[in-house]
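Here the structure is laid out as structure tokens; the discussion comes afterwards.
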Amino acid sequence: MSTLERIKDSVIGGSAKKVKEYTDVAISEGLDPSTILNDGLIAGMNFIGARFKKNEVYVPEVLMAARAMHTGLSIIKPLIVKAGVKEKGSVAIGTVKGDMHDIGKNLVIMMLEGAGYKVIDLGVDVPTEKFIQVVEEHKPDVVGVSALLTTTMTQMQDTVEKLHAHNGKTKVIVGGAPVSEKFAREIGANGYAADAASAVDTVAGLTAS
Ligand code: B12
């Protein structure tokens with residue numbers, strides 16, 4: 001088995017220790033950092049993401065894999081930045097005001113980072129004004145809004161509408177258990193994804209020029 005396959009397998013298995021070990025080996029073998037990223041770490045995360053989508057693995061496995069991936073990422077990030085590998089784009093994401101759920105949002109963040117996007121995490125209980133402020137300051141390519149309670153879906157609508165009223169060009173995607181494609185369309189969001197792996201596809205669709 002090649003070192004890249006070992007990295008991929010270790011991400012899938014959720015072993016941060018092994019990911020660190022094999023990432024160090026890959027670097028000492030002279031492998032290109034972006035190859036380690038794409039064919040090792042991201043390949044592993046994509047595999048888990050696809051299985052999660054089909055309900056073949058559950059949240060704990062995804063979180064373990066994401067943590068393992070992050071260990072590898074922190075080793076090769078400085079090398080990648082040095083090599084000048086371009087980030088794909090930026091996404092600011094938060095859970096709406098009144099809502100404290102962040103497990104799903106954090107999974108979306110990990111998958112986006114794994115896919116090469118820069119992510120600004122706004123946290124939970126984020127008022128609309130804060131989303132607008134971040135758009136002003138950081139000009140992200142996409143804004144992601146998460147809600148897990150039916151009672152905070154109206155808050156999501158408020159955030160999407162005000163973001164668009166503030167700047168018609170802002171691309172907003174929404175998600176969370178009670179949110180549907182239909183609801184996303186009704187409130188004027190630019191995109192929707194049912195899970196973290198699909199969120200990467202949705203962002204890629206909106207940032208492709
Ligand atoms: C864990 C949990 C909690 C934890 C949250 C911990 C945390 N740090 O997040 C705690 C215990 C704090 C909690 C509190 C409450 N909870 Co709660 N909670 C849950 C639970 C069990 C799991 C949610 C979860 O993490 N799912 C796993 C993740 C991976 O899935 P996900 O969030 O849907 O995310 C995926 C997608 O939706 C999507 N996605 C998510 N966000 C985004 C964003 C974008 C932009 C995109 C594209 C995609 C996307 O991708 C994610 C990854 O695949 C659910 C039940 C359930 N099965 O959903 C109840 C649930 C959401 N909670 C519920 C309730 C009622 C509450 C409380 C009001 C309980 C209370 N009486 O105090 C409080 C509310 C606190 C608040 N103000 O937010 C209800 C909501 C009912 C409703 N329809 O409104 C649920 C459905 C339970 C139930 N059946 O009653 N909760």
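All ligand and atom numbering here is 1-based and tracks the order in the structure.
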Task: Set of residues that line ligand 1, where lining means a heavy atom lies under 4.0 Å from it - done: Phe52, Val59, Gly98, Asp99, Met100, His101, Asp102, Ile103, Gly104, Leu107, Val108, Gly144, Val145, Ser146, Leu148, Leu149, Thr150, Ile173, Val174, Gly175, Gly176, Ala177, Ala193, Ala194, Asp195, Ala196, Ala199

TODO: Classify the side-chain pair Thr128/Asp158 by whether it contains a donor and acceptor separated by less than 3.5 Å.
DONE: yes

Task: Point-to-point distance, once rounded to the nearest 0.5 Å, from CE of Met45 to CD1 of Ile12 - done: 10.5 Å

- [ ] Please collect all salt bridge (Lys or Arg N to Asp or Glu O under 4.0 Å) contacts where either partner lies in residues 101-117, sequence neighbours excluded, each pair once.
- [x] Lys105-Asp121

Task: Under the side chain to side chain donor-acceptor pair (under 3.5 Å) test, residues paired with Glu161 that sit two or more places apart - done: Gln157

- [ ] Answer yes or no: is there a side-chain heavy-atom contact under 4.5 Å between Val59 and Phe52?
- [x] yes

- [ ] Could you note down all residue pairs passing salt bridge (Lys or Arg N to Asp or Glu O under 4.0 Å) where residues 6-31 supplies at least one of them, sequence neighbours left out?
- [x] Lys20-Asp24

